[in-house]
Novice: 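This is the structure I want to talk about, given as structure tokens.
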Amino acid sequence: MNKMAASMVQSGEDAFRKIFKFYKRRNPPPDFSDVIDFSRGEQSDKVVAVKLDPAAVSDVEAARVGLQPVKNWKAFSLQGYPGFIFISNPFLLGSQPFWVRQCLKTYPQKPNICNLDMHMSPSDTQDIWGKSIHGLSFSPTGKREAKTLLERLRWVTLGYHYNWDTKTYSANHYTPFPTDLHLLSVQITAACGFPGFVAEAGILNYYRSDSSLGIHVDESELDHSRPLLSLSFGQSAVFLLGGTRRQDPPTAMYMHSGDIMVLSGQSRLLYHAVPRIVPALQGRTALDMESHSLDSTLQDRTVVEPVSDQDWAVCSNYIQSSRVNVTVRQVLGPGQNFPETPNTSHQRSDTSQTVECGPADREIGKRKRSSSCDSVDTVHETDYYSNT
Ligand code: OGA
Ligand code: MN
């Protein structure tokens, strides 16, 4: 435990909550001096540089998804957190804009599910990007009437759609996982020593500058031996990684644009949270996002395509005050299936189902996600494993 955490918490109390509130505080702002910044290398004695396996991913495969050769990645472990790997922005210069555009333009599209579907009809959430670009590409001068749909987007789910109420995934609520994000996840996890990762569920979180994400553990996946991957773009965040108990004081670290975390082994089931979004260092995001019209030195088989000037105008405007986090999860182990559940939703044979609402213990934005369910009718009755 660092000095500040030790002086702040008493034994037996909810140390995580106390430190979460400390970093969330606005007035006066907290002291950030204990926040680990991996972009500065082995700045703290808890941070240890690790070598990943450059043979697991060829330089060409890495470049296809916009990553540098694995031998150049700056990867770290953290003392006291076995299985935790932090990769400090391994993206090739100019490739982050592609992933930002996917998160803002592509992944919120149907059949994926987002928070807006809880209160709006499918036709209203059909083209979030198209309905938002006018308001976003022209920087508002003075007061704007209504927020664009993109600005109201808080989460999107991919693959097995997470049910925020029951905290479960289910076989009958699945839509195809994006192949580009699957490929990116496979390369990252392979380099970290996890061959054969299958990206089956994704949660995208969209943060404004005053958003936070409450204290939680990701334990709904059925196989915890598979790593959980987390990628961030845009503004920076303070991320807290705790222990298996709320009394364990968490370690604070920055997550900057392009940074990746791999949570595996003992670190897979730890409490964590995002108490605060912090502005990216002046010019930093701009530099990372530079040359968004990626030089096509990358031949044809590349996944990462250039982003048009028009799309980039919208994306860059959005991420100037926002952060997007993507978590990618393998839900089932090899050969594993969802357990048979005797409840009625499993026996449903039509294509509509009452789905997820706001999670009880996770908070994004200023208020908790709603706990009243809406009905949506975009459920695809696909049994992924029996079909592949
Ligand atoms: C999550 C999560 C962390 C982040 O979505 O489960 O923990 O950095 N996200 O946004
Ligand atoms: Mn989480």
Side-chain angles (χ1 to χ4, degrees), residues 16 20 23-24 35-39 78 81 83-89 99-100 103-104 107-108 112-115 153-164 167-169 181 185 188 199-221 224 226-244 246 250-264 267-278 280 319 322-331 356 358-365 368-369:
F16 202 126
F20 180 90
Y23 284 111
K24 197 177 165 163
V35 183
I36 292 173
D37 192 344
F38 289 97
S39 69
L78 192 57
Y81 297 90
F84 174 80
I85 300 171
F86 192 103
I87 310 163
S88 188
N89 183 16
W99 292 110
V100 171
C103 293
L104 299 181
Y107 303 149
N112 302 330
I113 293 175
C114 71
N115 63 302
L153 195 61
R154 289 292 167 270
W155 55 262
V156 167
T157 54
L158 312 171
Y160 288 115
H161 299 282
Y162 191 59
N163 183 323
W164 301 102
K167 299 191 163 126
T168 58
Y169 303 97
L181 186 56
S185 308
I188 296 163
E200 293 173 328
I203 299 179
L204 286 92
N205 286 316
Y206 299 82
Y207 297 81
R208 312 297 296 176
S209 53
D210 58 354
S211 306
S212 59
L213 176 67
I215 307 163
H216 68 279
V217 176
D218 292 292
E219 57 191 356
S220 303
E221 297 73 24
H224 298 144
R226 304 271 76 201
L228 189 151
L229 203 63
S230 169
L231 311 142
S232 290
F233 300 105
Q235 298 303 301
S236 302
V238 174
F239 180 88
L240 297 177
L241 184 61
T244 52
R246 292 281 290 253
T251 298
M253 60 196 83
Y254 287 112
M255 238 189 142
H256 301 300
S257 194
D259 287 350
I260 296 175
M261 281 180 194
V262 177
L263 296 150
S264 71
S267 294
R268 174 67 182 74
L269 293 171
L270 300 181
Y271 278 108
H272 56 276
V274 177
R276 195 182 190 101
I277 300 304
V278 284
I319 59 157
S322 308
R323 167 180 188 253
V324 183
N325 175 260
V326 186
T327 51
V328 182
R329 302 125 190 268
Q330 178 164 348
V331 176
E356 63 278 84
D361 56 351
R362 293 162 56 115
E363 184 183 0
I364 275 215
K368 295 210 169 188
R369 290 166 185 161

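Numbering of residues begins at 1 and proceeds along the displayed sequence. Whatever order the structure lists ligands and atoms in, that order sets their numbers, starting from 1.
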Novice: Looking at Asp218, which atoms of ligand 1 are within less than 4.0 Å of one of its heavy atoms?
Specialist: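 Near Asp218, the atoms of ligand 1 are 6 (O).
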
Novice: Output the atom name for the N/O/S atom of His216 with the smallest distance to the Mn ion (ligand 2).
Specialist: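 Nearest to the Mn ion (ligand 2) within His216's N, O and S set: NE2.
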
Novice: Any N/O of Ser230 closer than 3.5 Å to an N/O of ligand 1?
Specialist: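 No, Ser230 has no N/O under 3.5 Å of an N/O on ligand 1.
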
Novice: Short list, please: which atoms of ligand 1 are under 4.0 Å from a heavy atom of His272?
Specialist: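 Going through ligand 1 atom by atom, the ones under 4.0 Å from His272 are 7 (O).
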
Novice: Applying the ring-ring contact (aromatic ring centres under 6.0 Å, His included) test to Trp155, which of Tyr162, Tyr206, Trp164 qualifies?
Specialist: Trp164

Novice: May I ask you to decide if the ring planes of Tyr160 and Tyr169 are parallel, tilted or perpendicular, using 30° and 60° as cut-offs?
Specialist: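 Taking Tyr169 first and then Tyr160, their aromatic rings stand perpendicular (interplane angle over 60°).
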
Novice: Could you say whether the N/O atoms of Arg323 and ligand 1 ever approach to under 3.5 Å?
Specialist: yes

Novice: Would you please classify the geometry between the Tyr271 ring and the Phe16 ring as parallel, tilted or perpendicular, with 30° and 60° separating the classes?
Specialist: perpendicular

Novice: Counting heavy atoms only, name the option from Ile203, Leu204, Asn205, Leu241 that's nearest to atom 5 (O) of ligand 1.
Specialist: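 When every heavy atom of Ile203, Leu204, Asn205, Leu241 is considered, Asn205 comes closest to atom 5 (O) of ligand 1.
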
Novice: Taking atom types as modelled and ignoring hydrogens, do the side chains of Asn89 and Ser257 form a donor-acceptor contact shorter than 3.5 angstrom?
Specialist: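 Distance-only check fails for Asn89 and Ser257.
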
Novice: Could you tell me which atoms of ligand 1, counted from 1 in the order shown, lie closer than 4.0 angstrom to a heavy atom of Arg329?
Specialist: 1 (C), 5 (O), 6 (O)

Novice: Vertex the Mn ion (ligand 2): angle to NE2 of His272 and OD2 of Asp218, to 10°?
Specialist: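 Approximately 90° at the metal, rounded to tens of degrees.
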
Novice: Does ligand 1 have an atom under 4.0 Å from some heavy atom of Met261?
Specialist: no

